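Comments concern the structure below.
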Number of protein chains: 2
Amino acid sequence: MNTDIKYDSRQKLLGAALKVIREKGYAAMRVDDICAEAGLTKGGFFHHFKGKEDFAVAAANYWSEMTGGFFASAPYHLLPDPLDRVLGYIDFRKAILRGSVPEFTCLVGTMVQEAHATNPAIRDACDASISGHAAEVAKDIAEAKKLYAPDARWTAESLALHTQAVIQGAFILAKAKQGPEIAADSIDHLKRYIELLFNRDSTGRTRDDHRNP
Amino acid sequence: MNTDIKYDSRQKLLGAALKVIREKGYAAMRVDDICAEAGLTKGGFFHHFKGKEDFAVAAANYWSEMTGGFFASAPYHLLPDPLDRVLGYIDFRKAILRGSVPEFTCLVGTMVQEAHATNPAIRDACDASISGHAAEVAKDIAEAKKLYAPDARWTAESLALHTQAVIQGAFILAKAKQGPEIAADSIDHLKRYIELLFNRDSTGRTRDDHRNP
DNA sequence: GACGACATACCAACCAGTCGGTATGTCGTC
DNA sequence: GACGACATACCGACTGGTTGGTATGTCGTC
């Protein structure tokens, strides 16, 4: 694999996207902003990308790769019990609510809000990113469901997507209120929900009381 | 009170905002789009609003008024039990997921995503709208909490804001997937969470099993 | 020279906002 | 009621700065 990159301009441009799009969204993002952030000029930008939209699609894919790697190396994966892994994922989500609001919020969740009706390529790239991540979370949920709530009426996929809805919504509230506290509260509610769903109390013990949420 | 409006241009412009902003967001919304939708020209627009930003702030306030009235007249308010009213609100939320995606999603949730870092006036207007609505929901939650979960560790305000996070996040997923089904699923999860929180099973009976989620 | 990776200069379309103008409404005076 | 002065509502042409994109130039490598 050719990873010996002599020129890293493309990476710089995509890295710039992570910052600029989360600050301003897609429409307000200017190619000049990206170039300034990357320390390049438009010539370099248009050498690598056909246009602004093409760049945004590539940025969504880049975001997906970066965050995919980040989550794949998170320590909760080492837990043997699948439910512990799910709850570990939620705790991890809460733990990474750090820095300024643009730093902890989601590039694809931001972009899909504005581009959903007017730019199908961007929307689809964002959907792929969100759905791909949810599918990863769904794996542990499915295992936990099999062990602890085999007869529950909800599906692992549905719950996984719900976690993403909560997290994306929490980011909106964090943006409105300019800080992570409100988002952390919502993630606490999500964790409590999952504990209740699996009949696990705060001591970590999973109780059996015959309820089927 | 002088409600005999001879000219309704301002209303038309604000009504146009409800459509255009939900389709394209703030930055991509052009003054010309609004004028076209309202059947007026820029002269008329700039007569009523100082500029694009001023208009967006007014649109957020208008959205807040309109939806405030809409929710105030919803039938779940007639239920005597506060917990029934909370669950009725959730059911109502699910029931109004109709029409095209821009038609059932939120103007202020959309706008705050892009404007949060770059436009404080718009952000604050959006925050006021979201928070004001959550405060209305929190009233019934507080009553229900007092009756059914007085010792719970979460606050009514926190749960109310969580409902908004879920709903906003559900809209993001609906935009990504271009339909209401995914949002309805997430709202089902929210309802289940609230039922679990208040120890209410699906038959409508609130059980007492000494748990304090 | 060919090519890739950029930089710089330039372009044309775009778009928020301006401004002179017309149309309509209001009010006081006769 | 007629009239003039003034205010309000709106129109449409226009402006000028901006922005995505194109054309051309430069440089290093082979």
Side-chain angles (χ1 to χ4, degrees), chain A residues 1-17 19-21 23-60 62 111 114-115 117-123 125, chain B residues 1-17 19-21 23-60 62 111 114-115 117-123 125:
Chain A
M1 174 134 80
N2 189 11
T3 56
D4 186 12
I5 301 178
K6 188 159 296 214
Y7 302 97
D8 62 344
S9 312
R10 194 173 191 273
Q11 296 275 81
K12 280 178 178 170
L13 291 165
L14 291 171
K19 181 179 192 298
V20 176
I21 293 175
E23 278 171 359
K24 308 169 126 190
Y26 169 69
M29 167 194 86
R30 301 172 310 136
V31 172
D32 270 338
D33 295 331
I34 296 295
C35 297
E37 188 63 37
L40 295 166
T41 67
K42 283 200 196 176
F45 180 93
F46 286 103
H47 178 80
H48 291 280
F49 303 99
K50 248 178 41 192
K52 190 181 177 184
E53 170 187 314
D54 183 52
F55 175 70
V57 171
Y62 183 69
M111 265 209 297
E114 357 159 29
T118 53
N119 199 309
I122 296 176
R123 182 194 66 227
Chain B
M1 172 138 78
N2 188 12
T3 58
D4 188 12
I5 301 177
K6 190 157 299 218
Y7 300 97
D8 63 342
S9 311
R10 195 173 190 274
Q11 296 276 83
K12 279 180 178 167
L13 292 165
L14 291 171
K19 182 177 192 295
V20 177
I21 293 174
E23 277 171 359
K24 308 170 127 190
Y26 170 70
M29 167 193 88
R30 301 174 309 137
V31 172
D32 271 337
D33 295 333
I34 297 293
C35 296
E37 188 64 36
L40 295 166
T41 66
K42 284 205 198 172
F45 179 93
F46 285 103
H47 178 80
H48 289 279
F49 303 101
K50 250 175 41 190
K52 190 180 176 185
E53 170 186 315
D54 184 51
F55 176 70
V57 170
Y62 183 69
M111 267 209 296
E114 357 158 31
T118 53
N119 198 312
I122 296 177
R123 184 195 64 229

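Chain identifiers are assigned alphabetically (A, B, ...) following the order of the sequence lines, protein sequences preceding nucleic acid strands; residue numbering begins at 1 within each chain. The model shown is predicted, which means the values in this text are computed figures rather than measured ones.
Judged by distance alone, the side chain of Lys24(A) and the main-chain N or O of Ala27(B) form no donor-acceptor pair under 3.5 Å. A donor-acceptor pair under 3.5 Å is formed between the side chain of Asn119(B) and the backbone N or O of Ile122(B).
Within the 4.5 Å cutoff, side-chain heavy atoms of Tyr26(B) are placed close to those of Glu53(B). Between Leu13(B) and Tyr62(B) there is no side-chain heavy-atom pair separated by less than 4.5 Å.
No cation-pi contact links Lys52(B) to Phe45(B), judged by a cut-off of 6.0 Å to the six-membered ring centre and 45° from its axis.
Each of Lys50(A) and Phe45(B) lies near DNA chain D, and the nucleotide nearest Phe45(B) is the one positioned closer to the 5' end.
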Using a 4.0 Å heavy-atom cut-off, write out nucleotides 23-28 of chain D from 5' to 3' as B (base contacted by protein), S (sugar-phosphate only) or - (no contact). ------
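Whole-Å rounding puts the Tyr26(A) OH to dT19(D) C1' distance at 12 Å. Atom CZ in Arg10(A) sits about 16 Å away from atom P in dG4(C), given to the nearest Å. In this structure, the CG atom of Leu40(B) is 11 Å from the P atom of dG12(D), given to the nearest Å. In this structure, the NZ atom of Lys12(A) is 9 Å from the P atom of dA7(C), given to the nearest Å.
Listed candidates were dT8(D), dC6(C), dA7(C). Nearest to the side chain of His47(A) is dC6(C).
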Reading DNA chain D 5' to 3', what string of ( ), [ ], | and . shows its pairs, if Watson-Crick and G-U wobble pairs count only when both distances fall under 3.5 Å? ||||||||||||||||||||||||||||||
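Remark: Ser9(A) is in phosphate contact with dC6(C), judged by side-chain N or O atoms under 4.0 Å from OP1 or OP2.
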Show the distances under 3.5 angstrom between N or O atoms of the protein and N or O atoms of nucleotides 13-16 of chain C.
| residue | atom | partner | partner atom | Å |
| --- | --- | --- | --- | --- |
| dC15(C) | OP2 | Arg30(B) | NH1 | 2.9 |
| dA16(C) | OP2 | Val31(B) | N | 3.0 |
| dA16(C) | N7 | Lys42(B) | NZ | 2.5 |

